[in-house]
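So you know, we letter chains A, B, ... as the sequences are listed, proteins then strands, and number each from 1.
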Amino acid sequence: MTDDSPETGFRFRRQDRLRSTQEFQRVYDRRRSASDAWLIVYGCENGRPYSRLGVSVSRKYGSGVRRNRLRRLYREAFRLMRPQLPTGLDLILIPRSPEEPTLRQVQESLVVLAGRVARKLARDATSP
RNA sequence: CAAGUCGGCCGGACGGUCGCUGCCCGUGGGCGCGUCGGUGUCAUGCCGGCUGGCGUCCCGGGGAGAGGAAAGUCCGGGCUCCACAGGACACGGUGGUGGGUAACGCCCACCGUCCGCGAGGACCGGGAUAGUGCAACAGAAAGCAUACCGCCCGAAGUCGGGUCGGUGAGGCCCGAUUUUGGGUAAGGGUGAAAAGGUGGGGGGACUUCGGUCCCUUAAUGUAAGAGCCCACCAGCAGCCGGGUGACCGGCUGGCUCGGCAAACCCCACCGGGAGCAAGGCCAAGUAAGGGAGGAGGGCUGGUCCGGCCCGCUGUGAACUCCCGGGUAGGCCGCUGGACCACACGGGCAACCGUGCGGCUAGAUAAAUGACCGUCCCCAGGACCGAUCCUGGGACAGAACCCGGCUUACAGGCCGACUCGCGGA
RNA sequence: GCGGGUGUAGCUCAGUGGUAGAGCACCACGUUGCCAACGUGGGUGUCGUGGGUUCAAUCCCCAUCACCCGCU
């Protein structure tokens with residue numbers, strides 16, 4: 001099986017994304033999140049040796065082009081920041097404001113917020 | 001040169017690094033499966049062949065990858081399914097004429113009305129009798145062109161004045177007013193609109209001031225005053241001519257009330273319904289249940305007829321509703337088409353025909369991207385200028401596919417034409 | 001993809017081819033030493049936007065914008 005092999009390098013393929021309602025619902029039901037001015041990040045352990053990404057951008061953040069732009073920024077930030085992110089998590093990114101951030105801002109926010117979510121999850125594991 | 005009208009086109013360019021999704025290629029690799037042969041074991045196996053089998057993932061290489069509106073979903077089709085789709089009503093849509101087209105509410109040409117000095121632009125059926133209805137306020141009247149006010153003539157009454165008479169009764173005249181009969185052809189401030197509009201209807205003599213006669217003119221009447229008369233324009237009807245047609249032109253004639261159907265409606269034509277979540281296949285998996293209604297039920301949305309399908313005296317079916325339970329994975333449809341470019345021919349044009357060449361996205365928590373550099377364009381600043389610095393580069397993202405319409409849009413390019421000014 | 005609805009005063013809503021209303025809120029005055037309550041008076045308006053039909057449009061027609069809802 002090569003599907004579960006941890007990806008090295010800056011790849012971002014289809015199996016690295018959350019793709020079904022059940023997967024999204026599992027992350028939301030875990031109820032662990034962190035946020036700043038740009039992003040809301042939900043997280044949940046996925047039992048795999050790598051992390052996966054889900055993106056949720058609703059219509060209130062603008063037209064189709066604007067929402068596509070946000071999704072692409074999030075995917076690009078996840079792709080480039082993967083070595084600095086915790087592994088074995090499913091992450092969902094939700095925009096916090098309809099303003100369009102720069103790629104650099106998303107990268108910094110993602111690393112900080114993902115680390116915060118990982119610590120919350122670890123605390124749950126040690127003292128349930 | 002300046003102002004403007006119409007039509008068409010583009011919608012950042014190049015390079016580098018890191019990525020995403022299909023497609024094609026490979027004696028590349030992993031896993032799973034089929035089949036044939038060989039071999040081995042008690043058994044699971046192992047090796048090789050099958051265009052180097054099939055599927056899937058990875059690796060390497062090649063090539064492709066958002067729009068003119070992909071948008072709004074306002075129309076029209078293709079395609080797919082439905083128990084063939086027939087008729088009547090209802091409902092909805094369209095509306096100058098002739099073409100184009102698969103079709104259209106679209107496009108082209110022409111007709112008419114209105115706007116513009118002009119190039120050009122905007123709009124659209126009929127109801128000069130099929131019917132019903134509406135028109136606030138104002139106004140005499142807004143369907144009876146008739147009534148009303150007013151004006152004129154007459155009659156009667158009342159009052160006042162004058163006069164005759166005897167300062168009487170009463171009569172006559174004048175004026176005001178009321179009622180009434182008749183005439184009416186000035187006028188009635190209004191209003192969006194009141195039986196179309198504009199202009200004209202001469203001169204002389206006599207006169208008892210009513211008129212008579214003469215001349216002239218296209219052209220006068222009443223007791224009085226006129227849309228009465230005449231001319232032209234508009235409109236209408238008839239005839240003639242032109243045009244496939246909408247319609248246009250000419251001649252003649254009578255003087256000839258409307259507005260709104262984007263109010264109901266009438267007329268002609270069109271419309272079966274649903275939509276790729278259509279529809280088909282595979283895999284997985286729960287229940288094969290409970291309750292209520294039920295002799296009829298269903299076939300796109302309405303009614304009726306016709307047609308078709310299921311069921312029909314039952315342990316209670318078809319079907320409808322409610323409760324309970326399960327799945328929401330994969331494949332096909334899925335991109336090659338009323339397609340695009342060029343040339344020639346036909347047509348005023350929309351468009352059509354022929355030839356040659358080309359292949360141009362197929363995603364599905366949904367790809368088509370991110371960053372950097374150089375150049376281009378715009379704005380601001382420094383500067384005489386070359387140049388430099390800063391900021392910005394629109395509207396917007398395919399979801400079965402086409403033809404249109406509408407709406408949004410930084411900046412730019414091309415062509416044709418019109419008006420004005422200047423010069424030769 | 002298909003279908004439906006709404007937009008009127010600061011707010012919640014009426015309305016109809018003829019110069020647009022109700023309640024609450026608001027403002028001014030009166031009352032009070034002051035406030036509230038009360039009384040009197042008053043408007044609050046490009047009827048979402050732009051065209052068209054009509055003598056006249058919030059109403060009818062077309063386009064457009066924003067919002068809401070339903071089915072699959």
**Asked** Which ones in residues 22-43 of chain A lie close to RNA chain B, meaning a heavy atom under 4.0 Å from one of its atoms?
**Response** A:Q22, A:F24

**Span that lies between the P atom of B:U252 and that of B:C123, in whole angstrom** = 41 Å

**Rounded interatomic separation in angstrom, taking CZ from A:F78 and P from B:C20** = 13 Å

**Item:** Under the ring pair (Phe, Tyr, Trp, His ring centres under 6.0 Å) test, residues paired with A:Y42 that sit two or more places apart
**Value:** A:Y28

**Request:** Look at A:R104 and B:C371 and indicate whether a side-chain polar atom (N or O) is within less than 4.0 Å of OP1 or OP2.
**Result:** no

**Request:** May I ask you to decide whether A:D90 forms a salt bridge with A:R48, counting only side-chain N to carboxylate O separations under 4.0 Å?
**Result:** no

**Asked** B:A365 P sits how many Å from A:F12 CZ, rounded?
**Response** 13 Å

**Message:** With rounding to the closest Å, how many angstrom separate the C1' atoms on B:C400 and B:C276?
**Reply:** 5 Å

**Item:** A:R75: salt bridge (Lys or Arg N to Asp or Glu O under 4.0 Å) partners, not counting sequence neighbours
**Value:** none

**Request:** Would you name the heavy atoms of A:S109 and A:L39 that are closest together and state the gap between them?
**Result:** CB-CD1, 4.0 Å

**Prompt:** For nucleotides 64-72 of chain C, read 5' to 3', which letter fits each nucleotide if B means a protein heavy atom sits under 4.0 Å from the base, S means only the sugar-phosphate is that close, and - means neither?
**Reply:** ---------

**Asked** Over how many whole Å does the gap from A:R75 atom CZ to B:A365 atom P extend?
**Response** 13 Å

**Asked** Taking CG from A:L53 and P from B:A367, how many angstroms apart are they, rounded to a whole number?
**Response** 13 Å

**Item:** Lys/Arg-Asp/Glu bridge criterion (N-O < 4.0 Å) met for A:E76, A:R79
**Value:** yes

**Message:** Expressed as a whole number of angstroms, how long is the span from A:Y50:OH to B:C58:P?
**Reply:** 12 Å

**Fill in**
Scanning all shown strands, the Watson-Crick or wobble mate of B:A205 with both distances under 3.5 Å is B:U212

**Prompt:** Watson-Crick or G-U wobble partner for B:A379, using a 3.5 Å limit on both distances?
**Reply:** B:U390

**Message:** The criterion is salt bridge (Lys or Arg N to Asp or Glu O under 4.0 Å); which residues satisfy it with A:E108, sequence neighbours excluded?
**Reply:** none

**Request:** Sequence neighbours left out, what passes side-chain hydrogen bond (donor to acceptor under 3.5 Å, both in side chains) with A:R66? Give chain and number order.
**Result:** none

**Request:** Give none if B:U158 has no partner; otherwise give the nucleotide forming a Watson-Crick or G-U wobble pair with it, both distances under 3.5 Å.
**Result:** B:A176

**Prompt:** Excluding sequence neighbours, so at least two apart, what forms side-chain hydrogen bond (donor to acceptor under 3.5 Å, both in side chains) with A:S35?
**Reply:** A:R96

**Prompt:** Expressed as a whole number of Å, how far does the C1' atom of B:G333 sit from that of B:U80?
**Reply:** 9 Å

**Item:** Span that lies between the P atom of B:C305 and that of B:A292, in whole angstrom
**Value:** 34 Å

**Message:** Rounding to an integer number of angstrom, what distance separates B:C371 and B:U387 when you compare their C1' atoms?
**Reply:** 29 Å

**Asked** Who are the ring pair (Phe, Tyr, Trp, His ring centres under 6.0 Å) partners of A:F24, not counting sequence neighbours?
**Response** none

**Message:** Checking base pairs now: Watson-Crick or wobble, both atom distances under 3.5 Å. What partners B:C9?
**Reply:** B:G412

**Asked** Is the glycosidic torsion of B:G189 within 90° of 0, making it syn, or is it anti?
**Response** anti

**Prompt:** Side-chain donor or acceptor of A:R13 under 3.5 Å from a matching atom on the base of B:C20?
**Reply:** no

**Euclidean distance for P, B:C14 against B:G67 (whole angstrom)** = 15 Å

**Message:** Can you give me the closest heavy-atom contact between A:F78 and A:R52, atom names plus distance?
**Reply:** CZ-C, 4.0 Å

**Request:** Return yes if some donor-acceptor pair links the side-chain N/O of A:N68 with the main-chain N/O of A:R71 below 3.5 Å, else return no.
**Result:** no

**Prompt:** Mind telling me whether B:A66 is syn or anti, cutoff 90° either side of 0?
**Reply:** syn

**Prompt:** Is there a Watson-Crick or G-U wobble partner for B:A288 with both distances under 3.5 Å, and which nucleotide is it?
**Reply:** none

**Asked** Does any N or O in the side chain of A:R59 come within less than 3.5 Å of the main-chain N or O of A:R67, such that one atom is a donor and the other an acceptor?
**Response** no

**Request:** Using the P atoms only, state how far C:G4 lies from B:U132, rounded to an integer number of Å.
**Result:** 36 Å

**Message:** Does the structure show a Watson-Crick or G-U wobble partner for B:A365, both distances under 3.5 Å? Name it, or say none.
**Reply:** none

**Prompt:** Which string of ( ) [ ] | and . matches RNA chain C, if you list each base 5' to 3' and count Watson-Crick or G-U pairs only when both distances are under 3.5 Å?
**Reply:** (((((((..((((....[..)))).(((((.......))))).....(((((..]....)))))))))))).

**Item:** Complementary nucleotide for B:C384 - Watson-Crick or wobble, under 3.5 Å
**Value:** none

**Asked** Backbone N or O of A:R13 within a donor-acceptor pair of the A:D16 side chain at under 3.5 Å?
**Response** yes

**Request:** List for me each residue that meets side-chain hydrogen bond (donor to acceptor under 3.5 Å, both in side chains) alongside A:S97, sequence neighbours excluded, and say none if there are none.
**Result:** none

**Prompt:** By salt bridge (Lys or Arg N to Asp or Glu O under 4.0 Å), which residues pair with A:R119, not counting sequence neighbours?
**Reply:** none

**Item:** Toward the 5' end of RNA chain B, by each residue's nearest nucleotide, A:L18 or A:E76
**Value:** A:L18

**Prompt:** What interatomic distance, in whole Å, is found between P of B:C91 and the corresponding atom of B:C108?
**Reply:** 36 Å

**Asked** What nucleotide, of B:C371, B:G19, B:A366, holds the atom closest to the side chain of A:L103?
**Response** B:C371

**Prompt:** Can you check B:G68 for me, syn or anti if syn means within 90° of 0?
**Reply:** syn

**Prompt:** When you look at A:L85 and A:V111, which way does the side chain to side chain contact (heavy atoms under 4.5 Å, CB included) test go after all the steps?
**Reply:** CA-CA 6 Å; A:L85 291 174; A:V111 171; 4.3 Å; yes

**Request:** Quick one: look up who B:G26 pairs with, Watson-Crick or G-U, both distances under 3.5 Å, and put none if it's unpaired.
**Result:** B:C59

**Prompt:** What parts of residues 60-72 of chain A reach RNA chain B, counting only heavy atoms under 4.0 Å away?
**Reply:** A:S63, A:G64, A:V65, A:N68, A:R69, A:R72

**Asked** Syn or anti for B:A341, taking syn as within 90° of 0?
**Response** anti

**Prompt:** Counting distance only, does the side-chain N/O of A:T87 pair as donor-acceptor with the main-chain N or O of A:S51 below 3.5 Å?
**Reply:** no

**Prompt:** Should B:G22 be called syn or anti, with syn set as within 90° of 0?
**Reply:** syn

